[in-house]
Novice: 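After the structure tokens below, expect a handful of questions from me.
Below, read A as the first sequence line, B as the second, and so on, with proteins coming before strands; counting in each chain starts at 1.
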Protein chains: 2
Amino acid sequence: MARKKYQEIAEHFELLVLSGRLRPGDRLPAERQIMEEFDAGRSSVREALFSLQRQGLLTSRPGAVPRVSTPTVDGMFAELSGSMRHYLNRPEGLREMQDARALLEIGLARRAAQTASGDDIKKLEKALDANRAARDLDTFVQTDVAFHLAIARISRNPVFEALNAALSDWLKDQRVKSSASGASFEEVADQHVKIFEAIKNKDVEAAAEAMDRHLAIVVDRYWKAVM
Amino acid sequence: MARKKYQEIAEHFELLVLSGRLRPGDRLPAERQIMEEFDAGRSSVREALFSLQRQGLLTSRPGAVPRVSTPTVDGMFAELSGSMRHYLNRPEGLREMQDARALLEIGLARRAAQTASGDDIKKLEKALDANRAARDLDTFVQTDVAFHLAIARISRNPVFEALNAALSDWLKDQRVKSSASGASFEEVADQHVKIFEAIKNKDVEAAAEAMDRHLAIVVDRYWKAVM
DNA sequence: TAGGAGAATTGGTCTTACAAGTTTATCAGC
DNA sequence: GCTGATAAACTTGTAAGACCAATTCTCCTA
């Protein structure tokens with residue numbers, strides 16, 4: 001049996017979706033019906049549906065027939081969180097991901113400085129103020145994440161938003177540890193001010209520079225904290 | 001039954017791995033042994049192993065006992081390729097991903113210009129020459145991918161390598177269509193030369209600029225080709 | 001030491017069973 | 001006739017167990 005049965009079933013419905021004959025929101029046949037249609041056991045049908053679910057092509061809740069849905073970037077990154085937790089468990093993995101985050105955030109800062117509208121600046125300033133007003137660790141970390149997310153949003157690209165959110169989540173531990181370790185909130189918030197000012201002044205190089213320095217300090221502080 | 005049986009089994013082995021009592025390469029017990037150990041049926045054991053496999057924690061081949069393995073970035077991005085195909089099926093999705101690729105590649109070009117060693121330059125030049133020597137579409141696309149990958153490798157970060165490779169794969173169609181549509185290989189190869197020269201001269205801004213222009217042209221040509 | 005036969009093991013599939021949730025149909029009351 | 005609650009029917013989630021084929025592992029033999 002070259003082609004597994006569950007693959008055959010999965011491909012069948014995948015094609016129906018790709019070709020548009022099944023549209024988001026449509027209801028799929030019940031498992032028993034699919035069983036008959038393909039002369040398959042329930043395990044095969046369920047494995048096929050499971051595979052489609054992992055691809056974000058359908059959502060299923062207990063008791064109800066599955067419905068077709070469109071994959072989102074958020075959903076895709078959510079798929080990774082399981083593997084990512086183990087990947088970041090190794091020091092090299094964590095270092096590599098911190099490095100990747102830096103490239104992303106510096107690039108986003110650069111873009112923000114290039115393209116930010118007046119409204120964007122206003123929103124960013126609000127996020128900045130919230131961060132500066134933070135007095136406890138929880139609030140500080142949360143507003144810190146929000147500030148960086150606001151910068152990502154300026155790109156108007158959902159991929160960057162989702163990536164930024166996902167990386168914030170994966171590296172949350174780093175944020176907490178490096179914030180908790182000694183440094184005053186003001187110091188970090190001051191770096192945020194520098195980033196904000198550069199974006200506001202549309203000074204692309206200064207924005208990239210400020211973000212670079214900011215992340216380098218945060219990462220450095222994290223490694224000092226855990227050692 | 002609050003905690004599902006397969007979750008219990010999965011968590012048990014996940015903890016063994018996280019705590020280091022099971023190390024990469026170690027052999028897991030046979031499925032039947034696990035069944036006895038947890039007083040579970042085979043479906044539960046298989047579902048648990050399946051879940052661990054998705055997290056990249058173990059690899060299993062037919063006939064052999066599963067072995068512990070560490071998740072790799074390549075593996076993680078491979079997980080996404082299914083969802084990604086559907087995501088890119090929508091024009092906005094494709095545009096967003098092209099944009100994301102641009103930010104990555106421009107950032108990598110910048111880094112390459114900052115940090116490239118003599119050896120890196122030599123390897124990059126080799127990739128460039130191979131690309132310039134390409135005479136047919138297949139070879140051209142393949143050497144084009146290799147050139148961009150060589151730039152990514154200069155970062156010395158497996159995450160960027162894997163990301164670059166994954167994006168090349170996901171956007172392969174774009175490369176083929178935009179290469180096939182009218183433009184001479186020389187024109188594109190000339191843009192590669194500009195990028196290479198900038199990296200070689202450690203001119204960071206020129207490298208970013210050249211990569212930006214290069215990608216903009218390629219993307220532009222793709223959209224003209226498909227419309 | 002090399003090769004091959006047989007045992008061990010997993011992968012894939014099917015069947016059956018029950019629990020838990022959702023949808024649909026029915027019916028009483030207004 | 002319409003509305004709302006209740007029950008029946010349906011559907012998925014979880015689980016156990018059985019079978020065969022394909023692959024790997026082990027050990028014995030030459």
Novice: Between C1' on dT24(C) and CZ on Arg27(A), what's the gap in Å once rounded to a whole number?
Specialist: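 These atoms are roughly 10 Å apart.
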Novice: So, does Arg46(A) get its side chain near the phosphate of dG13(D), meaning an N or O under 4.0 Å from OP1 or OP2?
Specialist: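 The answer is yes; a side-chain N or O of Arg46(A) sits under 4.0 Å from OP1 or OP2.
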Novice: Rounded off to whole Å, could you give me the CD-to-C1' distance for the Glu47(B) and dG12(C) pair?
Specialist: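 Between C1' of dG12(C) and CD of Glu47(B): 15 Å.
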Novice: What is the distance, rounded to the nearest whole Å, between atom NZ of Lys4(B) and atom C1' of dC18(C)?
Specialist: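 It works out to 14 Å between those atoms.
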Novice: Are Glu47(A) and Arg46(B) close enough for a salt bridge, meaning some N to O gap below 4.0 Å?
Specialist: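 Salt bridge absent between Glu47(A) and Arg46(B).
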Novice: Measure from the side-chain heavy atoms of Lys5(B) and tell me the nearest of dT15(C), dT13(C), dA16(D).
Specialist: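 Of all the options, the side chain of Lys5(B) is nearest to dA16(D).
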Novice: Between dT14(D) and Tyr6(B), is there an OP1 or OP2 to side-chain N/O distance shorter than 4.0 Å?
Specialist: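 It does, given that an N or O in the side chain of Tyr6(B) lies less than 4.0 Å from OP1 or OP2 of dT14(D).
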Novice: Under 4.0 Å, counting only non-hydrogen atoms across every strand here, what does Ser44(B) touch: a base, just sugar-phosphate, or nothing?
Specialist: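 Sugar-phosphate only.
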Novice: Assess whether a salt bridge exists between Arg156(B) and Asp120(B), defined as any Lys/Arg side-chain N lying under 4.0 Å from an Asp/Glu carboxylate O.
Specialist: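 Judged by the 4.0 Å cut-off on N to carboxylate O distance, Arg156(B) and Asp120(B) do form a salt bridge.
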Novice: Please determine whether a side-chain nitrogen of the Lys or Arg among Asp173(B) and Arg85(B) lies less than 4.0 Å from a carboxylate oxygen of the Asp or Glu.
Specialist: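 Here Asp173(B) does not pair with Arg85(B) in a salt bridge, since their nearest N and O are not under 4.0 Å apart.
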Novice: Has Asp220(B) got a side-chain atom pairing as donor or acceptor with Ile217(B)'s backbone, closer than 3.5 angstrom?
Specialist: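 Here the side-chain-to-backbone pair does not exist.
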Novice: Tell me: CZ of Arg42(B) to P of dT13(C), nearest whole Å?
Specialist: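 Rounded to whole Å, this separation is 12 Å.
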Novice: Between C1' on dG13(D) and CZ on Phe50(A), what's the gap in Å once rounded to a whole number?
Specialist: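 Going from CZ in Phe50(A) over to C1' in dG13(D) covers 11 Å.
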Novice: Just how far, in rounded Å, is C1' of dC14(C) from CD1 of Ile34(A)?
Specialist: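 Rounded to the whole Å, the gap is 16 Å.
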Novice: In this structure, how many angstroms lie between the C1' atom of dT14(D) and the CD atom of Gln7(B), rounded?
Specialist: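 Interatomic distance, CD of Gln7(B) to C1' of dT14(D): 11 Å.
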Novice: Expressed as a whole number of angstroms, how long is the span from Phe38(B):CZ to dA15(D):P?
Specialist: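 So the CZ-P distance, Phe38(B) to dA15(D), works out to 13 Å.
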Novice: Is the side chain of Asp74(B) donor-acceptor paired with the backbone N or O of Ala162(B) at a distance under 3.5 Å, no angle test?
Specialist: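 The answer is no, because no donor-acceptor pair under 3.5 Å joins these two groups.
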Novice: List the residues meeting side-chain contact (heavy atoms from CB on, under 4.5 Å) with Pro24(A), not counting sequence neighbours, and say none if there are none.
Specialist: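 Pro24(A) satisfies side-chain contact (heavy atoms from CB on, under 4.5 Å) with Thr70(A) once adjacent residues are dropped.
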Novice: Looking at the side chain of Ala30(B), which of dT9(C), dA16(D), dG12(C) is the nearest nucleotide?
Specialist: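 Closest nucleotide among those given: dT9(C).
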Novice: Between Asp99(B) and Arg95(B), is there a salt bridge with N-O shorter than 4.0 Å?
Specialist: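 A salt bridge is absent here (no side-chain N lies under 4.0 Å from a carboxylate O).
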Novice: Heavy atoms within less than 4.0 Å of DNA chain D: which residues of residues 54-67 of chain A have one? Give them sorted by number.
Specialist: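 Listed by number, they are Ser60(A), Arg61(A), Pro62(A), Gly63(A), Ala64(A), Val65(A), Pro66(A).
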